[in-house]
Amino acid sequence: MNRYHLTHLKELEAESIFIIREVVAQFENPVLLFSGGKDSIVCHHLARKAFYPANVPFPLMHIDTGHNFEELYKFRDELVKETNARLIIASVQKSIDDGKVKEEKGINSSRNKLQTTTLLDAIEHHQFDCAMGGARRDEEKARAKERFFSHRDDFGQWDPKNQRPELWNLFNGKKSFGEHFRAFPISNWTEMDIWQYILQEKIKIPSLYFSHQRDCFIRNGVVMAKTSFTLTKPEEEITKMQVRFRTIGDATCTGATISNADNLEKIIDEVSSSRITERGGRADDKRSEAAMEDRKKEGYF
Amino acid sequence: MSDQYLNMDLLRFTTAGSVDDGKSTLIGRLLYDSKSIFEDQMEAIEIASSNKGEEKVNLALLTDGLRAEREQGITIDVAYRYFATPKRKFIIADTPGHVQYTRNMVTGASTANLAIILVDARKGIVEQTKRHSFIASLLGIPHIIYCINKMDLVNHEEEVFEKTKKELVDFSSKLTTKDIRFLPISALNGDNVVNRSKNMNWYEGSTLLHTLENIHIASDQNLIDCRFPVQHVIRPQKEEFHDFRGYAGRIAGGVFKKNDEVVLLPSGFQSRIKSIQIFDNELEEAFAPMSVTMTLEDDLDVSRGDMIVRVKNQPEILQDIEMMVCWMGEKPLLSRGKYTIKHTTNEVRCIVKEILYKVDINSLHRDTEDKSINCNDIARIAVRVTKPLFVDKYNINRTTGSLIIIDESTNNTVGSGMII
Ligand SMILES: Nc1nc2c(ncn2[C@@H]2O[C@H](COP(=O)(O)OP(=O)(O)O)[C@@H](O)[C@H]2O)c(=O)[nH]1
Ligand SMILES: [Mg+2]
């Protein structure tokens, strides 16, 4: 590599840091949505880089479905302690208890969709004017058209056909009273870029990403973890399997992958030879062809 | 696993061409043949294709993501796609070809290192080819590749390719783009896209993917004129960094080194660079487009919107600015109208002093009579801004030479300007 030419990871990093700093410069009260998954961990790492030696000048917010894996909560709390982060937890359980949303019923029920209400309520309650998230454009085709700075009306909704043009590195975060923004600093990263960056930067991630033994069952061809809150049918047999997770979401709708990859190098090899996208294991996207677009319009991450 | 990823770089390209020239098919082909399409994505478009009653799997469905686009079968917005080979990561901005979406094409072109312009071998140069070429050159894209597509429909004949190529060479001599290449392909069958065509043995050049992987982009950055727009001032409220004042930003041009003598704009104060760092890593030098934090030897009053430059190489400091503008607003551009401008990390207000001419983007003719500037029009205008901006000409520096125009009543981005 030429001395004055960046590698793809360095160029992506420079772009993302620029965007995070731009959010802080243009908004009064931003927040970083933090799920404890690898994408939000990378966003948090980039934010620390952007403002060092000062602390990250915004809090992290976890929209907690209450249906996460134990390992995830443990990891989250450790990270908050180690990095001196401020953490806000917005609870879906509380939205249910307050009667704001109704829990889905049945065997395939999930709290994934309910998160939108909790998120929008929390944004309003804390008066955040910009919520940053770790969504990537390569994840899903409706996301492929998302802007770095994404304008939301006062109902938190996204209008994909009426987005502001976004040119060069000039981001327009102007808004009227009551409106807010979503910002996506790692829009241009792919799943592979994320893994390579985690390796390059030696970033800590939850143990769930590495191969381990776990009680699982198979539903619609997807390996699902057995937890205290997953309902199973009698014919769904629980067995110990050697698995890892490619994405970490709500335990009720995130599929596991059978895998022996117990370190980052092996994960990267596995991802590069994989023939299925990481969302391929997510039941929430399979509901319809435009499922993600519809959820995003309503205000989902 | 090898460490090859530590040697990969990033190429951003945009695709243009008129409707049905095969843009979406070409992108689908690049993704498919470079094994960047996954089984579940393929499965989804197989189902969608057969639902629409199509016999072959329609690779175009991979890029047309929004519901309205799939229903109408056209690309409306800019869609970004990603793929990588062991050499490079690629970001594709797939933009629509219709005249009424010129603004989307400009958006996609603004960050591109390279443009692929598709030409239907049966039709040769059409109006859209000229328009897209003009936009690519206006937006300062350093490399253009003309792909003469659908060669299968003209019997893969060399004469057809040569004739179209000659027309394009003649036409493109009017453009400012220096690096222009020509490739005969069939996007549908994959000829010369990733794999060499057995049907066109007369063609001795490289395939499209090979060209994309090897084209030299390292020298496209301006590494001469040092420009550092201050984005954010870092003042940690911590004991151990008590006196730390860091200037955070993304280098917009040149190479900055520790101990360099610099001048701060607009104040004109001089100082030296004390340190350059990314996180806790101190660097000897840093260059565009890195995001870094700098500290200076002297305690100066620096804030967002200021610019750190070299003493002997300074940008123009202007309040009267002429530019080419691509209008993107629903309402026409108002002569004497007032707007907000964002330029680097600065925000100022402006008044439009004069509309000099409008460009007929098909004939490239300058129209000095009709000065009504509507959405998708391209014009040369002069504005006056409320405080001086530190600018370079767009063709010298795409960062310090570009700006966006914002409508103050709607907050919408309504124009993009390239400073002349
Ligand atoms: N015969 C032939 N047809 C092609 C080729 N490339 C694209 N097409 C067809 O041309 C039509 C338009 O292609 P599409 O990719 O949607 O064009 P776009 O409007 O530029 O995105 C489709 O029916 C394609 O199958 C080619 O190389 N040869
Ligand atoms: Mg298309």
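First the proteins, then the strands, lettered A, B, ... as listed; each starts at 1.
The two residues A:Asn172 and B:Asn411 have their closest heavy-atom pair at ND2-O, 3.0 Å. When all heavy atoms are compared, the tightest approach of B:Pro289 to A:Ala14 is O-CB, 3.3 Å. Of all heavy-atom pairs spanning A:Glu11 and B:Arg250, the tightest one is O-NH2, 4.1 Å. A pairwise comparison of heavy atoms in A:Arg21 and B:Val292 identifies NH1-O, 3.2 Å as the closest pair. In plain terms, the two heavy atoms of A:Tyr4 and B:Val255 that are nearest each other are CE2-CG1, 3.7 Å. The two residues B:Arg304 and A:Ala25 have their closest heavy-atom pair at NH1-CB, 3.2 Å.
Side chains of A:Arg164 and B:Thr410: a donor-acceptor N/O pair is absent below 3.5 angstrom, by distance only. B:Tyr5 and A:Gln200 are not linked by any side-chain donor-acceptor pair at a separation below 3.5 angstrom, with hydrogens and angles left out of the test.
Between chain B and the options A:Arg48, A:Lys10, A:Met192, A:His151, heavy-atom pairs under 4.5 Å are most frequent for A:Arg48. Ranking B:Lys238, B:Arg398, B:Arg235 against chain A, the residue ahead of the rest is B:Lys238, based on heavy-atom pairs under 4.5 Å. Between chain A and the residues B:Gln277, B:Glu285, B:Glu347, the largest count of heavy-atom pairs under 4.5 Å involves B:Glu285. When each of B:Tyr82, B:Phe83, B:Phe244 is checked for heavy-atom pairs under 4.5 Å with chain A, B:Tyr82 comes out on top. Between chain A and the residues B:Ile406, B:Leu223, B:Val414, B:Ile278, the largest count of heavy-atom pairs under 4.5 Å involves B:Ile406. Of the listed residues (A:Glu13, A:Lys266, A:Arg147), the greatest number of heavy-atom pairs within a distance under 4.5 Å of chain B belongs to A:Arg147. The candidate with the highest count of non-hydrogen atom pairs below 4.5 Å against chain A, out of B:Thr111, B:Thr107, B:Thr340, is B:Thr107. When each of A:Pro53, A:Ser176, A:Ala50, A:Ala54 is scored by its heavy-atom pairs under 4.5 Å with chain B, the top score falls to A:Pro53.
Within 6.0 Å of the CD atom in A:Glu28, the count of heavy atoms belonging to other residues, nucleotides or ligands does not exceed 12. Heavy atoms of other residues, nucleotides or ligands lying less than 6.0 angstrom from CD1 of B:Ile224 number 12 at most.
Contacts between A:Leu170 and chain B at a heavy-atom distance below 4.5 Å involve backbone atoms as well as side-chain atoms. Heavy atoms of A:Ser16 lying under 4.5 Å from chain B are absent altogether. For B:Arg88, no part lies near chain A; criterion is any non-hydrogen pair under 4.5 Å. Contacts of B:Asn281 with chain A are absent, with no heavy-atom separation under 4.5 Å from either backbone or side chain. Both the backbone and the side chain of B:Tyr80 come within less than 4.5 Å of a heavy atom of chain A. The part of B:Met328 that comes within reach of chain A is its side chain, from C-beta onward, which places non-hydrogen atoms under 4.5 angstrom from that chain. Looking at B:Gln237, there are no atoms closer than 4.5 Å to chain A (heavy atoms on both sides), in backbone or side chain. With a threshold of 4.5 angstrom between heavy atoms, B:Ser219 does not approach chain A through any atom at all. Heavy atoms of B:Ile251 lying under 4.5 Å from chain A are absent altogether. Proximity to chain A (any heavy atom under 4.5 Å) is shown, for B:Glu240, by neither the backbone nor the side chain. Neither the backbone nor the side chain of B:Gln221 comes within contact range of chain A, judged by heavy atoms closer than 4.5 Å. Contact of B:Ile91 with chain A is made through the side chain alone, with heavy-atom distances under 4.5 Å. With a threshold of 4.5 angstrom between heavy atoms, A:Glu22 approaches chain B through its backbone and through its side chain.
Here CG of A:Leu12 is found 5.0 Å from NZ of B:Lys89. Values are rounded to the nearest 0.5 Å. Between the CG atom in A:Leu6 and the CZ atom in B:Phe287 there is a gap of 4.5 Å [rounded to 0.5 Å]. Atom OH of A:Tyr52 is separated from atom CG of B:Asp280 by 5.0 Å, given to the nearest 0.5 angstrom. Going from atom CZ of A:Phe171 over to atom OG1 of B:Thr413 covers 11.0 Å, rounded to the nearest 0.5 Å. A:His5 contributes atom NE2, which lies 3.5 Å from atom CG of B:Asp9 (distance to the nearest 0.5 angstrom). Remark: A:Trp168 CH2 to B:Lys342 NZ distance equals 14.5 Å, nearest 0.5 Å.
Contacts of A:Thr83 classified as side chain to side chain donor-acceptor pair (under 3.5 Å), with partners at least two apart in sequence or in another chain: none.
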Determine, stepwise, if the pair B:Thr399 / A:Asn169 fulfils side-chain contact (heavy atoms from CB on, under 4.5 Å). CA-CA 8 Å; B:Thr399 308; A:Asn169 282 307; 5.6 Å; no
